*Asks:* 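Sharing a structure with you now.
The shown structure was predicted, so the numbers you read here are calculated from the model rather than taken from an experiment. Chain naming here is simple, since letters A, B, ... match the order of the sequence lines and numbering starts at 1 in each.
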There are 2 protein chains.
Amino acid sequence: MSPNPQQRRAARHRLGTDQDAPAARRGPSGGRKKPITVDAIVSTAFGIVEREGYPALTMRRVAAVLETGPSSLYAHVVNKEDLDELLIGRLCAEIELPEPDPTAWRQQIAGVCTQLRDQYLRYPGITQASFAAAPSNLDTLRVGEGMLAILLAGGVQPQAAAWAIDSLSLYVNAYCLEHSMARGRLQDGGEGWVLSRAELLRRFAALPDSYPQTKRYAAELTAGTVHDRFDFTLGLMVDGLPRSGAADT
Amino acid sequence: MSPNPQQRRAARHRLGTDQDAPAARRGPSGGRKKPITVDAIVSTAFGIVEREGYPALTMRRVAAVLETGPSSLYAHVVNKEDLDELLIGRLCAEIELPEPDPTAWRQQIAGVCTQLRDQYLRYPGITQASFAAAPSNLDTLRVGEGMLAILLAGGVQPQAAAWAIDSLSLYVNAYCLEHSMARGRLQDGGEGWVLSRAELLRRFAALPDSYPQTKRYAAELTAGTVHDRFDFTLGLMVDGLPRSGAADT
DNA sequence: TCCGCTGTAGAACAGTGTTCGTGTCTACTG
DNA sequence: CAGTAGACACGAACACTGTTCTACAGCGGA
């Protein structure tokens, strides 16, 4: 048997109970010291993204690290899209989901989101892969399940909880995407659109008078760490959720 | 004088009051019926995105529509990134900003967000450009100014208003990006990850027992139009904003 | 008239993802 | 033990992408 990458990928989306069937790797071929496996590909891919950012993650780059040609990867991976999916799968698999505690559901849901954020930011730009990936992956569904459990334990109405998970995931993704984009813009170009706070304030002050509010509240607009904004928005979304009773914290 | 594209782009970010200086186009060169202008480039780019989606927007494609070679574009546009910026600039310029009405600030802010959403969705995938673009564009700042004015008129605390604008813009972008990604996934592949609601329900039902909440609340998770979710999240973010008094609507 | 300048192109370069055909080796089979 | 089937690896190539270099056209001013 030993499935093609296509079959393997389809299995990852079939959402069945079949447990991945290690397929009893035949003998590793020939003179290679280390045979090429899906896991090895994903690991080196993570290394590249962590060191050089997501745009540097090309098939050729991965192949080069593995000391082979690009075509060799296609025996284990359907696509670059497939590789992306594997990446975010492994990333989601490392998220720790707490046992739902009705008295601490806010902290718990924020904790999961923060974990996601930190994982995404650790591999800058990888959120692009997350946006492109279909949401029917088992690993991503696992964290969705965890978040749903937390919200339900907190007494959030099921419909609101379901939609809120979507919104939260989407926001975390977008936040990290923007973050990594800004970072990327910093380190290459650097021709002056480094956006330090002082610089931003100066620019806002130089705006024409048709931007009165922006000029007046420039301080507020540029205030806070980026992570302050993250916490603020999370609070906004979580605190507004309709609950069906239960005591508040 | 007649500025290079580089200078023109820098001017767009300088945020000064200088009014773009039409630069009195010298004679259009030679045998062309229609000379290539920045505006023509942007317009054809919009056409391509509207018809074929953002991934089809390549320099060569634009040049081909203009019946010329790719290199001709670089006399008017610094980069593809620059072209992207011009696109989202024009897109933002077409957003209508209402006169702030303290009694209708919720509807007004939702209206602006919905306008943005519909513009983005009209040109599928163009949000990618929006994420990549630097936020120091005059046109994008204009809608930021408008949103800020609405929120302040509604009595929202300045700091919260400032941060909320960021969050809202980010969410609208992310929503549209996800939407267009899903749309794109539909029309190419189509090998079965069409995610109709019935199909999703079937898949959730087939999940292993380690996903109890997802299985139980599959109906809620798949409920609602995509736009219902949009409205829900907007409400979540807007209703939670701290106000400094003023009567509620 | 001539010079210079601006805008238009063609060809080419360095990348990208992906596929085809071919080799090479292991592991099972007769 | 010999032989074959099949998985694996790989080099070369294709069709793209953004971008740059170079030369060419025609109009302005001197």
Side-chain angles (χ1 to χ4, degrees), chain A residues 1-9 22-41 45 48 52-85 128-129 132 188-189, chain B residues 1-9 22-41 45 48 52-85 128-129 132 188-189:
Chain A
M1 290 303 143
S2 84
N4 327 7
Q6 283 85 345
Q7 298 170 333
R8 181 189 46 69
R9 185 188 197 182
R25 278 190 54 66
R26 301 295 181 81
S29 112
R32 288 195 66 86
K33 26 215 158 170
K34 283 191 178 182
I36 303 178
T37 63
V38 177
D39 225 62
I41 292 176
I48 292 171
E52 313 172 32
Y54 181 76
L57 179 64
T58 68
M59 296 302 240
R60 285 178 161 81
R61 190 84 189 70
V62 175
V65 174
L66 258 42
E67 293 179 322
T68 178
S71 61
S72 302
L73 306 179
Y74 286 85
H76 308 269
V77 159
V78 182
N79 256 346
K80 174 139 197 301
E81 190 186 327
D82 187 27
L83 176 55
D84 289 346
E85 204 175 290
Q128 288 178 44
D188 54 48
Chain B
M1 291 303 144
S2 83
N4 330 10
Q6 283 83 347
Q7 298 170 334
R8 180 190 46 69
R9 184 189 198 183
R25 280 190 51 67
R26 300 295 181 80
S29 113
R32 287 194 69 85
K33 27 216 158 163
K34 284 190 177 183
I36 304 177
T37 63
V38 177
D39 224 61
I41 292 177
I48 292 172
E52 312 173 34
Y54 181 75
L57 178 64
T58 67
M59 297 302 242
R60 284 180 162 80
R61 191 86 188 70
V62 175
V65 175
L66 258 42
E67 292 179 323
T68 178
S71 61
S72 302
L73 306 179
Y74 286 86
H76 308 269
V77 159
V78 182
N79 256 347
K80 174 138 198 301
E81 189 184 329
D82 188 26
L83 176 56
D84 289 345
E85 202 174 289
Q128 290 178 43
D188 53 46

*Asks:* Without decimals, in angstroms, what is the distance between A:Glu67 CD and D:dC8 P?
*Replies:* 20 Å
*Asks:* I'd like to know if the side chain of A:His76 reaches the main chain of A:Ile36, judged simply by a donor and an acceptor atom lying under 3.5 Å from each other, with no hydrogens or angles considered.
*Replies:* yes
*Asks:* Taking CG from B:Leu73 and P from D:dC21, how many angstroms apart are they, rounded to a whole number?
*Replies:* 17 Å
*Asks:* Please report, rounded to the nearest Å, how far the P atom of C:dT16 is from the CG atom of A:Leu57.
*Replies:* 11 Å
*Asks:* Give the rounded distance in Å between these two atoms: CD of A:Gln128 and P of C:dT16.
*Replies:* 15 Å
*Asks:* Could you state the atom-to-atom distance from CG of A:Leu83 to C1' of C:dG17 in whole Å?
*Replies:* 12 Å
*Asks:* Please state whether the phosphate of C:dT18, meaning OP1 or OP2, lies under 4.0 angstrom from any side-chain nitrogen or oxygen of A:Asn79.
*Replies:* yes
*Asks:* From the options C:dG10, C:dT8, D:dG18, select the nucleotide whose nearest atom is closest to the side chain of B:Thr58.
*Replies:* D:dG18
*Asks:* How many whole angstroms separate atom CZ of B:Arg61 from atom P of D:dA15?
*Replies:* 18 Å
*Asks:* Go nucleotide by nucleotide along DNA chain C from the 5' end; which of A:Ala56 and A:Val78 gets its closest nucleotide reached first?
*Replies:* A:Ala56
*Asks:* Report yes if at least one side-chain N or O of B:Thr68 is closer than 4.0 Å to OP1 or OP2 of C:dA9; otherwise report no.
*Replies:* yes
*Asks:* Tell me: NZ of A:Lys80 to C1' of D:dC16, nearest whole Å?
*Replies:* 16 Å
*Asks:* Tell me: CE of A:Met59 to P of D:dC14, nearest whole Å?
*Replies:* 20 Å
*Asks:* Can you measure from CG (B:Leu57) to NZ (B:Lys80) and round to the nearest 0.5 angstrom?
*Replies:* 5.0 Å
*Asks:* Given C:dT18, D:dT19, D:dA9, which nucleotide is nearest the side-chain atoms of A:His76?
*Replies:* D:dA9
*Asks:* Are any non-hydrogen side-chain atoms of B:Leu83 and B:Met59 less than 4.5 angstrom apart?
*Replies:* yes
*Asks:* Between C:dT8, C:dT19, C:dA9, spot the one nearest the side chain of B:Ser71, thanks.
*Replies:* C:dA9
*Asks:* If you check the B:Tyr74 side chain, which of D:dG18, C:dT8, D:dA9 turns out closest?
*Replies:* D:dG18
*Asks:* Is there a side-chain contact between A:Leu73 and A:Leu66 in this structure, where contact means two heavy atoms from C-beta onward sitting under 4.5 Å apart?
*Replies:* yes
*Asks:* Output the single nucleotide from C:dA11, D:dA13, D:dT19 whose closest atom is nearest the side chain of A:Arg60.
*Replies:* D:dA13
*Asks:* Kindly indicate, with the supporting measurements, whether the criterion side-chain contact (heavy atoms from CB on, under 4.5 Å) is fulfilled by B:Asp84 and B:Gln128.
*Replies:* CA-CA 9 Å; B:Asp84 289 345; B:Gln128 290 178 43; over 6 Å; no
